[in-house]
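See structure below.
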Amino acid sequence: MISHPLKIDDAITLEDGTHVNLQGWIVRLRKHGSLTFFDLENSKSSIQCVVSRELLKATDGLQSLLKPEAAIVVEGKIATRKDNPQLPPDLICEYIEVVGPVIKPMSPSPRTADLDASGLTDHKLTNQHMYMRNPKIRAAMLLRHELLGFFHRWFRENDFVEFTAPVLTPIPIYQDKTAIDLEIHGENVFLTQCVGFYLEAAIHGLDRVYNIGPSFRKEKSRGRRHLMEYWHIKAGIAFCDRERMMGVVEDLIQQGVAFSQNLRSLISTFGGSVCKPLPEGPFPRISYREACGLISETTGKTMQFGSSLSPDRQNVLGTRFDTPFWVVGMPRTIEPFPYVIDPDDDELTMTADLLAPGDYGELLGVAEKISDLAELDERMLEKGREKDSRYQWVRDLRNLGAAPQAGFGLGFERFLRWIAQGYHVRDFIGFPRMFGRKIHP
RNA sequence: UCCGGGGUAGCUCAGCUGGCAGAGCAAGCGGCUGUUAACCGCUAGGUCGUGGGUUCGAUCCCCACCCCCGGAGCCA
């Protein structure tokens, strides 16, 4: 392991009188006449530093350089606190170098601003680059880091190969108008909405594959569950059907929730609370038709067969469960063309959506993919894509040893939002891109 | 895209049924030896989102546009 300079969390365990050299940022500066206090902070911990009048006078310009947010290097010795020996020790400063001065102070100070305060939403998003140092943002980013690590470990432990699919693609999976397009070499190409087609190809060489990367959708949505750019966890398995894939997903979610129980203090840092531990065993499931009935009955308004599970309908179902639950078999009219039609009910597809309890909505979708070319052509015709030559290579895959396969796709920020019982998916990505908001920074 | 709410100091907001623009916090200066949202005093800070209209006079009323927030439809 590469060596680190002494860290603040190590320093506070040292004996009185030990000389240390620390780096970090100033927070909560308290200036008195001849004594100045501040907390020196880095990503993991902080220590209270004490500066005497003598040091301030001896160092040119130090008085005016000591400001909240300044990046400094400080030397001094550890000392038990005079006011309260029970608290972690002070650092009595003997030398301070301001390496990153405060040229233009910001208000509120992003390192200490309370982001729960009302009205800061736009200010925070406009200054997202400055707020990366805020403890709440930092904790949310650390949660993201922890769970991204979990997903990679889980996939690798379960024999999935990480396949890094392209972001530029000639073919959107949904309508072209919800894809972000750009022109290259005179051709229209898109930022990926879903890497599913590329995983279909990869499966024929690698059996079990996954991809974690961004997906882009220009859906005209301003809700709390949508980002224009979100991280999409996709996986596919050859010779797999819906039933088996649902079992795979259940294990993934069970373990993800179990893992997250250890992240309680991180999650509480940004005001979240960990979702409840899950009971063992498979998640409850209802059919799409049952969901229609249940929603009609609960709301008193008839939900027609073929209408989609809109957020308010998902919430109606969400109140009925306290674990994630499946809605199995979405209608063929609302699902994209590559998904298999249910052999027992040709109005339905071999799909299953996993919804979170409460108002967190859809976490992921499972689908069996069509491997038969004639069936694929029929579905492309049905969706008006039969003359679309861009999909020729997707058809080619069905011409040469196409294996039956199933896959799933999970919205990473939605998953985080549910795990931490958060407010908005934008709180779980470093630089959120949302429909209806200018892309900045 | 549609519906609703909003845009006033660096930040959060008050104000005005049309008559010289306000507070708290932040900032700058001064004071203070145990503070931790330190405290006390002083100072400075404004194209009232942009453009047009009505009016003797518009931050306020009207129109258009821009930007933001919340929700809807669509989705993961």
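Only this structure's heavy atoms are used, side chains among them; waters, hydrogens and symmetry mates stay out. Chain identifiers are assigned alphabetically (A, B, ...) following the order of the sequence lines, protein sequences preceding nucleic acid strands; residue numbering begins at 1 within each chain. Treat the numbers as computed from the prediction; the structure is a model and nothing was measured.
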Ion pair [X]/[Y], N-O distance below 4.0 Å:
{"X": "A/Glu413", "Y": "A/Arg225", "answer": "no"}
{"X": "A/Arg133", "Y": "A/Glu69", "answer": "yes"}
{"X": "A/Glu368", "Y": "A/Arg242", "answer": "no"}

When we call it a touch if two heavy atoms are under 4.0 Å apart, what does [X] touch: a base, just sugar-phosphate, or nothing?
{"X": "A/Gln314", "result": "base"}
{"X": "A/Arg28", "result": "sugar-phosphate"}
{"X": "A/Lys67", "result": "sugar-phosphate"}
{"X": "A/Glu219", "result": "base"}
{"X": "A/Lys104", "result": "nothing"}
{"X": "A/Arg225", "result": "base"}
{"X": "A/Gln48", "result": "base"}

Separation of atom CD in A/Glu69 from atom C1' in B/rA27, rounded to whole Å: 14 Å
Please report, rounded to the nearest Å, how far the P atom of B/rC75 is from the CG atom of A/Asp312. 13 Å
Parallel under 30°, tilted from 30 to 60°, perpendicular over 60°: which one fits the rings of A/Phe155 and A/Tyr210? parallel
Evaluate whether the aromatic ring of A/His32 and the six-membered ring of the B/rG34 base sit under 5.5 Å apart, centre to centre, with an inclination under 30°. no
Which one is paired to B/rG19, where only Watson-Crick or G-U wobble pairs with both distances under 3.5 angstrom count? B/rC56
With respect to the phosphate group of B/rC74, does any side-chain polar atom (N or O) of A/Ser308 fall under 4.0 Å of OP1 or OP2? yes
